[in-house]
Q: 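Take a look at the following structure, please.
Heads up: numbering here begins at 1 and tracks the sequence. These numbers were taken from a predicted model, which means no experiment stands behind them.
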Amino acid sequence: MCGIVGMVGRSDVGFDLYDALTVLQHRGQDAAGIVTCEGDQLHLRKSNGLVRDVFRQDHMNQLKGNMGIAHVRYPTAGSSSSAEAQPMYVNSPYGICLAHNGNLTNDEDLNEDLFRTDRRHINTSSDSEVLLNVFAHELQRIAGLRLAPEEVFEAVRRVHERAIGAYAVVIMIIGYGIVAFRDPHGIRPICFGKRSTAQGDDYMVASESVALDVLGFDLARDILPGEAIYIQTNGTVHTRQCAPDTVYSPCIFEHVYLARPDSVIDGISVYKARLKMGEKLADKILRLYPDHDIDVVIPIPDTSCTAALPMAHRLGVKYREGLVKNRYIGRTFIMPGQEERRKSVRRKLNTVELEFKDKNVLLVDDSIVRGTTSRQIVQMAREAGANKVYLASAAPPVRYPNVYGIDMPAACEFIAHNLEEHEIADALGVDWLVYQDLEDLKSCAIGINQQVERFDCSVFDGDYVTGGFDEDYFLRVESLRSDEAKQSRARMEDLGTVDLHNKA
């Protein structure tokens with residue numbers, strides 16, 4: 001999961017892109033970048049770090065131009081080197097910059113094709129650079145001296161033929177405009193909107209609608225699976241369906257955890273979906289424990305707060321925010337290693353003891369992946385004097401790796417791996433544990449937008465919407481994403497010996 005933004009405006013767009021990235025910071029905290037186009041000249045700033053640290057006033061003063069794209073990065077398998085920060089650039093044809101959210105599952109095959117057939121060199125381990133070169137190569141094959149919208153859409157169509165996986169993409173073509181498109185399953189989110197000014201209309205493309213809201217844009221709609229939108233520098237907007245076979249299958253984990261609650265993704269309010277998750281989960285608890293002795297419901301902030309409130313109401317008990325979050329610590333889910341996540345939990349959360357002491361406490365979390373955070377919070381609750389500690393997850397057990405751009409590790413690193421729910425409860429140290437049922441989770445959002453045909457729930461059920469994967473593929477994923485692999489890459493980078501052509 002990364003955050004992407006693109007904008008064509010009537011005046012300089014640099015500061016608007018910066019503001020949009022701050023709104024999307026939750027989608028990636030590893031690196032940030034902005035590139036703008038002033039006439040035929042690019043202005044680029046990107047580096048590792050948070051948005052506020054990457055961009056200083058002197059950087060912003062140089063980001064001139066009335067169109068640009070921007071990115072916040074969350075690494076899955078690649079290097080943490082700033083060489084993989086986006087946007088990425090290739091000079092032919094025309095000069096093209098790209099920002100990408102998602103993950104290609106056939107990137108190794110594409111990389112081989114680019115080298116042997118297309119005669120293009122990939123300098124990093126990033127599948128985003130692969131995607132950029134595939135688009136550039138296809139555009140170069142068909143484009144004339146002056147770029148026509150039909151040629152842009154034909155290049156996107158050819159990308160869909162070659163690329164497999166999840167990709168929401170925004171591309172800037174120097175002198176021409178911005179192109180945004182989405183994979184034929186619509187796994188990762190992307191939307192666009194318009195803002196009217198005295199000088200004319202501004203257009204923005206972003207991962208989440210909240211970025212449009214904050215900057216005063218009106219949400220037009222989500223980009224559909226397989227669809228492309230081309231916004232020319234003069235403000236003319238073209239759209240085209242570029243994939244013949246699409247199945248609207250957005251990632252359910254956006255609603256569980258990834259997205260901000262004030263976003264609307266694929267016509268579905270994230271906030272409303274999470275409210276329903278809390279109601280469904282409360283109903284399950286009442287079925288399993290009709291005579292429960294819960295005194296208080298306490299969410300594990302922040303994502304679970306929306307679900308926990310209707311849970312408390314339906315269970316007929318108090319809702320209290322007994323865990324206080326240090327908002328200057330990043331999201332532990334996207335920390336680069338297990339040890340760093342473990343250290344971060346104590347720095348990030350502290351208990352309000354009076355809400356725990358001598359009470360039977362129901363902790364509510366959005367999901368449980370490795371169990372690192374949950375186990376430590378349960379221990380903190382007991383140290384604060386809780387009589388009993390129960391735990392409810394608004395999502396089902398996570399048992400399968402994610403291959404579409406979320407850094408969920410090898411299956412063996414999930415706490416639910418090969419364990420029954422009562423065994424997971426023992427491992428976490430809770431008196432009982434309740435997970436959301438998968439069908440209930442789907443029902444919380446599926447009826448809101450009738451165009452959505454299904455959700456990608458592969459981390460819960462192992463059903464991957466782009467097709468099956470063999471054992472060798474998951475072994476490769478494990479070699480890339482396990483904590484051991486990440487720590488090994490970090491040591492190599494510290495020594496300056498990382499091999500950019502070998503992700504493992």
Side-chain angles (χ1 to χ4, degrees), residues 1-2 4 71 73 75-79 81 83-93 96-143 152-171 173 179-188 190 225-226 228 242-246 401-407 464-470 472-481 499-504:
M1 102 184 165
C2 297
I4 61 174
H71 186 267
R73 180 174 185 258
T76 51
S79 163
S81 165
E84 294 195 5
Q86 298 182 39
M88 292 183 169
Y89 169 76
V90 65
N91 69 347
S92 178
I96 300 174
C97 300
L98 171 144
H100 163 225
N101 174 31
N103 185 62
L104 299 182
T105 59
N106 67 332
D107 57 315
E108 286 195 339
D109 293 337
L110 286 173
N111 199 341
E112 186 75 11
D113 289 343
L114 286 167
F115 176 73
R116 296 193 180 279
T117 305
D118 301 346
R119 298 295 188 262
R120 284 179 175 267
H121 174 73
I122 305 302
N123 196 50
T124 71
S125 61
S126 172
D127 61 338
S128 301
E129 188 184 10
V130 172
L131 191 58
L132 168 61
N133 278 271
V134 170
F135 176 83
H137 176 75
E138 296 301 338
L139 190 62
Q140 189 165 25
R141 290 176 62 191
I142 60 175
V152 171
F153 293 132
E154 174 61 17
V156 174
R157 186 191 69 79
R158 295 184 180 192
V159 170
H160 289 323
E161 287 184 343
R162 298 181 65 178
I164 302 173
Y167 48 94
V169 180
V170 60
I171 288 174
I173 306 174
V179 186
F181 58 92
R182 195 176 185 188
D183 71 79
H185 291 86
I187 299 171
R188 300 264 70 85
I190 185 170
C242 299
D245 300 312
T246 63
N402 183 277
V403 299
Y404 299 128
I406 306 175
D407 191 20
Y464 296 91
V465 298
T466 60
F469 298 92
D470 59 24
D472 288 342
Y473 183 86
F474 288 112
L475 288 174
R476 183 168 76 90
V477 170
E478 183 173 343
S479 72
L480 299 174
R481 299 189 186 178
D499 181 357
L500 293 176
H501 295 92
N502 184 352
K503 290 186 182 180

Q: Would you indicate whether the side-chain heavy atoms of Gln140 and Arg120 approach each other to under 4.5 Å?
A: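 Contact flag for Arg120/Gln140 side chains = yes.
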
Q: Dump the intermediate steps for side-chain contact (heavy atoms from CB on, under 4.5 Å) on His100 and Leu132, then the final yes or no.
A: CA-CA 9 Å; His100 163 225; Leu132 168 61; over 6 Å; no

Q: Is the shortest side-chain heavy-atom distance between Met88 and Cys97 below 4.5 Å?
A: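 SC-SC contact between Met88 and Cys97 ruled out.
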
Q: With no hydrogens and no angle check, is any side-chain donor or acceptor of Asn402 less than 3.5 Å from a backbone partner on Gly405?
A: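 Yes; judged by distance alone, with no hydrogens or angles, the pair exists.
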
Q: Taking Glu161 first and then Arg158, would you say they form a salt bridge - that is, a charged N and a carboxylate O separated by under 4.0 Å?
A: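 No, Glu161 and Arg158 are not salt-bridged.
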
Q: Is the count of non-hydrogen atoms from other residues, nucleotides or ligands lying under 6.0 Å from Asp470 atom CG greater than 12?
A: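 Atom CG in Asp470 is packed in, count exceeds 12.
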
Q: Would you say the side-chain atoms of Asp118 pair up with the backbone N or O of His137, donor to acceptor, closer than 3.5 Å?
A: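 Not at all, since once roles are kept as given, no pair shorter than 3.5 Å links the two residues.
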
Q: What distance separates Asp107 CG from Asp127 CG, expressed to the nearest 0.5 Å?
A: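 Answer for the CG-CG pair, Asp107 versus Asp127, is 5.5 Å.
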
Q: Grab the two heavy atoms, one from Pro225 and one from Gly186, that are nearest each other, plus how far apart they are.
A: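 So the two residues come closest at CB-N, 3.6 Å.
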
Q: Work out which heavy atom in Asn133 is nearest to a heavy atom in Ile122; give both atom names and the distance.
A: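 Taking Asn133 first and Ile122 second, the nearest heavy atoms are ND2-CD1, 3.4 Å.
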
Q: Does Tyr404 offer a backbone N or O that forms a donor-acceptor pair with the side chain of Arg188 under 3.5 Å?
A: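 Checked: pair present.
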
Q: Thr466 versus Ile187: any side-chain heavy-atom pair under 4.5 Å?
A: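 SC-SC contact between Thr466 and Ile187 confirmed.
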
Q: Taking all atoms of both residues into account, what is the closest heavy-atom pair of Gln86 and Ser128, and its distance?
A: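 Closest approach of Gln86 to Ser128, heavy atoms only: NE2-OG, 2.8 Å.
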
Q: Any idea which heavy atoms bring Val152 and Phe135 closest together, and the distance?
A: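 Minimum heavy-atom contact is O-CE1, 4.4 Å.
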
Q: Among all residues two or more places apart in sequence or in another chain, which pass the side-chain hydrogen bond (donor to acceptor under 3.5 Å, both in side chains) test with His185?
A: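 Result, side-chain hydrogen bond (donor to acceptor under 3.5 Å, both in side chains) vs His185: none returned.
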
Q: Is the shortest heavy-atom distance from the side chain of Leu110 to the side chain of Leu104 under 4.5 Å?
A: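 The answer is yes; the side chains approach within 4.5 Å.
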
Q: For a 4.5 angstrom cut-off between non-hydrogen side-chain atoms, does Cys242 reach Phe181?
A: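 No. Closest side-chain heavy atoms not under 4.5 Å.
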
Q: CZ of Arg73 to CD1 of Ile4: how many Å apart, nearest 0.5 Å?
A: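 The CZ atom of Arg73 sits 15.0 Å away from the CD1 atom of Ile4.
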
Q: Are the side chains of His160 and Tyr167 in contact, using a 4.5 Å heavy-atom criterion?
A: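 A side-chain contact exists here, since the closest heavy-atom pair is under 4.5 Å.
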
Q: Is any side-chain heavy atom of Val169 less than 4.5 Å from a side-chain heavy atom of Ile171?
A: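 Counting from C-beta outward, Val169 and Ile171 do come under 4.5 Å.
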
Q: May I ask you to decide whether Glu138 forms a salt bridge with Arg162, counting only side-chain N to carboxylate O separations under 4.0 Å?
A: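 Yes.
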
Q: Indicate the atoms forming the closest heavy-atom contact of Arg182 with Ile190, along with that distance.
A: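 Closest heavy-atom pair between Arg182 and Ile190: CD-CG2, 3.7 Å.
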
Q: Determine the minimum heavy-atom distance between Val403 and Tyr473, stating which atoms define it.
A: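 Heavy atoms of Val403 and Tyr473 come nearest at CG1-CE2, 3.6 Å.
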
Q: State, with a plain yes or no, whether a side-chain heavy atom of Asn101 is found less than 4.5 Å away from one of His71.
A: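 Result no, sub-4.5 Å side-chain heavy-atom pair not found.
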
Q: Using ring centroids (six-membered ring only for Trp), state whether Tyr464 and Phe474 fall under 6.0 Å.
A: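 Aromatic pair counts; centres sit under 6.0 Å.
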
